[in-house]
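In what follows, a single structure is set out as structure tokens and then discussed.
What you see is a predicted model, and the numbers here were worked out from it, not measured in a lab. Every chain is numbered from 1, with letters handed out A, B, ... down the list of sequences.
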2 protein chains.
Amino acid sequence: MRVKEVAERLGVTADTVRFYTRIRLLNPNTNPHNQYKEYSHADVERLKFVVAARSLGFTVEDISTIIAKAEDHQSPCPTVRQIIEKRLEETERQFQDLIALRARMSAAIAQWEDTPDRVPNGHMICHMIESFAGGFSDDTEK
Amino acid sequence: MRVKEVAERLGVTADTVRFYTRIRLLNPNTNPHNQYKEYSHADVERLKFVVAARSLGFTVEDISTIIAKAEDHQSPCPTVRQIIEKRLEETERQFQDLIALRARMSAAIAQWEDTPDRVPNGHMICHMIESFAGGFSDDTEK
DNA sequence: ATTGACCTATGTCTAAGACATAGGTGTAGC
DNA sequence: GCTACACCTATGTCTTAGACATAGGTCAAT
Ligand SMILES: [Zn+2]
Ligand SMILES: [Zn+2]
Ligand SMILES: [Zn+2]
Ligand SMILES: [Zn+2]
């Protein structure tokens with residue numbers, strides 16, 4: 001199979017499969033005539049694993065580590081448990097950041113509904129953004 | 001003022017200020033002797049604006065656009081309203097994606113609590129990841 | 001003048017692909 | 001066989017918003 005077929009079969013783009021191949025997460029045979037990659041059943045199996053792991057928040061580097069361990073006949077499970085715990089924490093942080101951001105955006109939009117447009121003068125760029133309560137005072141405005 | 005002072009005053013890193021300077025979002029004078037940048041009061045004011053806009057989810061490119069309009073003596077307000085609406089939609093999408101990801105991760109961790117570690121064989125890398133219900137069936141496993 | 005702590009500008013790197021492009025494939029028509 | 005032409009491929013470059021590394025500059029104390 002060539003890249004597009006394998007990509008479609010797993011619901012990812014051909015570019016994604018090419019990327020995984022580039023970083024040697026997949027190692028298909030290369031046709032020496034045109035450099036086209038030929039993906040075997042085993043390659044598809046591995047890609048399936050990568051897609052599943054990605055969907056659980058593992059980075060491609062995490063996945064490389066995991067696969068390396070497995071190929072070394074060691075159980076990757078402890079590593080997997082450790083990593084996902086860390087990734088979940090990161091996700092939680094991002095989540096909180098995103099909630100805060102969304103709240104600020106919504107508040108700004110709400111506040112600006114009753115604010116007229118204004119042409120900037122020398123000491124202001126957009127009064128809406130500048131007046132939005134964030135408290136970014138420079139504390140040295142004399 | 002030099003980069004560090006201005007950065008501290010606004011609660012960002014010196015690298016951030018340098019980055020904004022590099023992309024000409026800030027345009028401090030340069031000491032021709034040592035290339036050190038000298039930030040004026042006006043530069044600090046502009047940085048204050050950039051920081052405020054960033055905290056509302058505007059990209060640096062958005063901010064460039066907004067500033068350009070203001071410097072052209074046009075009101076940037078309609079642009080600002082348009083952009084933040086779009087950015088809020090994106091944030092909302094990210095938010096939903098993140099909720100789904102977090103749910104998958106938590107579910108996986110919960111499921112794996114009762115799963116023993118296992119050493120991989122030729123047809124498996126990590127059974128925990130592989131067996132986690134995501135339904136990534138290749139549909140051609142004959 | 002010399003040290004040494006701190007600071008600076010510049011270049012490079014990051015994640016995970018998307019995008020652009022030059023060239024290859026394969027089928028249809030002649 | 002040859003030519004179109006639609007589609008596919010590998011490769012190189014680009015993306016975000018800074019972080020990091022490093023060679024060199026500053027400045028106060030010696
Ligand atoms: Zn199989
Ligand atoms: Zn405005
Ligand atoms: Zn001012
Ligand atoms: Zn496992």
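Aromatic ring orientation, B:Trp112 versus B:Phe132: perpendicular (interplanar angle above 60°, classes split at 30° and 60°).
If you walk DNA chain C from 5' to 3' and mark each nucleotide with an atom closer than 4.0 Å to a heavy atom of chain A, the marks span C:dA16 to C:dG26.
The distance between atom NZ of A:Lys4 and atom C1' of D:dC7, rounded to the nearest whole Å, is 8 Å.
Counting only N and O atoms by type, the side chains of B:Glu90 and B:Gln94 include no donor and acceptor under 3.5 Å apart. Using a 3.5 Å distance cut-off with no hydrogens or angles, the side chains of B:Asp62 and B:Thr59 do pair a donor with an acceptor.
For the helix from C:dA1-D:dT30 to C:dC30-D:dG1, the terminal axes (five pairs an end, C1' atoms, rotation from four pairs onto the next four) enclose an angle of 40°, given to 10 degrees.
At a threshold of 4.0 angstrom between heavy atoms, the contacts of A:Asn34 are confined to the sugar-phosphate backbone, with no base atom among them.
Under a 4.0 Å N-O distance rule, the pair B:Asp15/B:Arg18 qualifies as a salt bridge. By the 4.0 Å N-to-carboxylate-O rule, B:Arg9 lies close enough to B:Glu5 to be salt-bridged with it. A salt bridge is defined here as a Lys NZ or Arg NE, NH1 or NH2 lying under 4.0 Å from an Asp or Glu carboxylate O, and B:Glu92 with A:Arg102 meets this definition. In this structure, A:Arg118 does not pair ionically with A:Glu130, as no charged nitrogen and carboxylate oxygen lie closer than 4.0 Å.
Of the residues in residues 58-67 of chain A, A:Thr59, A:Val60 come within less than 4.0 Å of DNA chain C through at least one heavy atom, sorted by number. Contacts between residues 16-24 of chain A and DNA chain D, defined by a heavy-atom separation below 4.0 Å, involve A:Arg18, A:Arg22, listed by number. Using a 4.0 Å cutoff on non-hydrogen atoms, no part of residues 94-109 of chain A comes near DNA chain D.
Identified under the ring pair (Phe, Tyr, Trp, His ring centres under 6.0 Å) test for residues 49-84 of chain B, with sequence neighbours left out: none.
For B:Thr13 and A:Tyr36, each mapped to the nucleotide of DNA chain D holding its nearest heavy atom, the one lying further toward the 5' end belongs to A:Tyr36.
Distance check, rounded to the nearest 0.5 Å: OG1 of B:Thr79 to CD1 of B:Ile84 gives 13.0 Å.
Judged by distance alone, the side chain of A:His127 and the main-chain N or O of A:Asp117 form no donor-acceptor pair under 3.5 Å.
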